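Note that this is a predicted model, so its numbers are computed, not measured.
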Amino acid sequence: MDINYPVVIIAAAVTSIAAEVIHPHIYGLDLLPSFRIEIGDNKYLHIHHWLYGLTGLTILYLWPTPKKWLNSMLLGGLLGMFAQGLSYSTSHFVLYDRERFEIARANEPE
């Protein structure tokens, strides 16, 4: 895949900042609610935005667009979203019980 590295870096920076605004590390200040599915007695499946980014990166790798600038923008944007999502201390909570998640988020350093 042919890419333009400065565009990738700028897109990654802009997307990681946007992701931090939409889903900040400060618990409870999300502009958009997280996507999670209740699967049992206080058990949840949480689809983190880093998983969306990883899925998008996989799709882009397998089926890049014919346009260099678009591949660069998409790659940077998906990398920024992926990196910002993994920066949470609770990013590994995909299948969890709510109480354990709430305790981990409350103890997350600011």
Side-chain angles (χ1 to χ4, degrees):
M1 175 173 28
D2 192 22
I3 58 172
N4 183 332
Y5 290 101
V7 172
V8 171
I9 293 167
I10 292 168
V14 169
T15 304
S16 64
I17 291 167
E20 184 64 30
V21 169
I22 294 169
H23 285 287
H25 281 76
I26 301 168
Y27 184 61
L29 293 181
D30 298 328
L31 294 178
L32 297 173
S34 296
F35 181 74
R36 64 179 182 209
I37 302 167
E38 189 169 357
I39 57 171
D41 185 33
N42 226 16
K43 304 270 188 229
Y44 293 92
L45 173 66
H46 183 167
I47 310 299
H48 292 274
H49 59 282
W50 67 263
L51 287 169
Y52 294 128
L54 183 60
T55 302
L57 286 168
T58 302
I59 292 168
L60 182 62
Y61 176 77
L62 294 173
W63 298 288
T65 72
K67 301 194 182 304
K68 179 180 179 177
W69 67 269
L70 185 56
N71 286 331
S72 301
M73 295 274 295
L74 290 171
L75 179 60
L78 292 166
L79 285 173
M81 181 182 359
F82 179 74
Q84 193 274 344
L86 283 181
S87 69
Y88 287 91
S89 64
T90 57
S91 64
H92 63 285
F93 282 86
V94 176
L95 186 59
Y96 63 90
D97 65 78
R98 185 171 179 92
E99 182 179 340
R100 196 176 93 179
F101 180 77
E102 297 291 339
I103 290 168
R105 278 299 295 259
N107 293 327
E108 189 174 80
E110 296 182 19

(Q) The test is side chain to side chain contact (heavy atoms under 4.5 Å, CB included); show your working for Lys43 and Leu95 and say whether it passes. (A) CA-CA 7 Å; Lys43 304 270 188 229; Leu95 186 59; 5.7 Å; no

Could you see if [X] belongs to whatever hydrophobic cluster contains [Y]? Use Ile, Leu, Val, Met, Phe, Trp, Tyr and a side-chain cutoff under 4.5 Å.
| X | Y | result |
| --- | --- | --- |
| Tyr61 | Val7 | no |
| Leu45 | Leu54 | yes |
| Phe82 | Val94 | yes |
| Ile17 | Met81 | no |
| Trp69 | Ile9 | no |

**Q.** Under 3.5 Å donor-acceptor, Ser16 side chain and Ala13 backbone
**A.** yes

So which heavy atom on [X] is nearest to which on [Y], and how close?
| X | Y | value |
| --- | --- | --- |
| Ala11 | Gly77 | CB-N, 3.8 Å |
| Asn4 | Ser72 | N-OG, 2.7 Å |
| Ser91 | Gly85 | CB-O, 3.4 Å |

Q: Compare all side-chain heavy atoms of Arg36 with those of Tyr96 and state whether any distance is below 4.5 angstrom.
A: yes

Q) Should the ring pair His48 and His46 be called parallel, tilted or perpendicular, given that the plane angle runs from 0 to 90° and is split at 30 and 60? A) parallel

Taking atom [atom1] of [X] and atom [atom2] of [Y], what is their separation to the nearest 0.5 Å?
| X | Y | atom1 | atom2 | answer |
| --- | --- | --- | --- | --- |
| Met73 | Thr15 | CE | OG1 | 7.5 Å |
| Leu75 | Leu70 | CG | CG | 11.0 Å |
| Trp50 | Thr55 | CH2 | OG1 | 9.0 Å |
| Leu74 | Ile3 | CG | CD1 | 11.5 Å |
| Ile37 | Ile47 | CD1 | CD1 | 6.0 Å |
| Asp97 | Ile39 | CG | CD1 | 10.5 Å |

Q) Does His49 have any side-chain hydrogen bond (donor to acceptor under 3.5 Å, both in side chains) partners at least two apart in sequence or in another chain, and if so, which? A) Gln84

Q | Set of side-chain hydrogen bond (donor to acceptor under 3.5 Å, both in side chains) partners for Thr65, sequence neighbours left out | A | Asn71

Q) side-chain contact (heavy atoms from CB on, under 4.5 Å) with Leu62: which residues, sequence neighbours excluded? A) Thr58

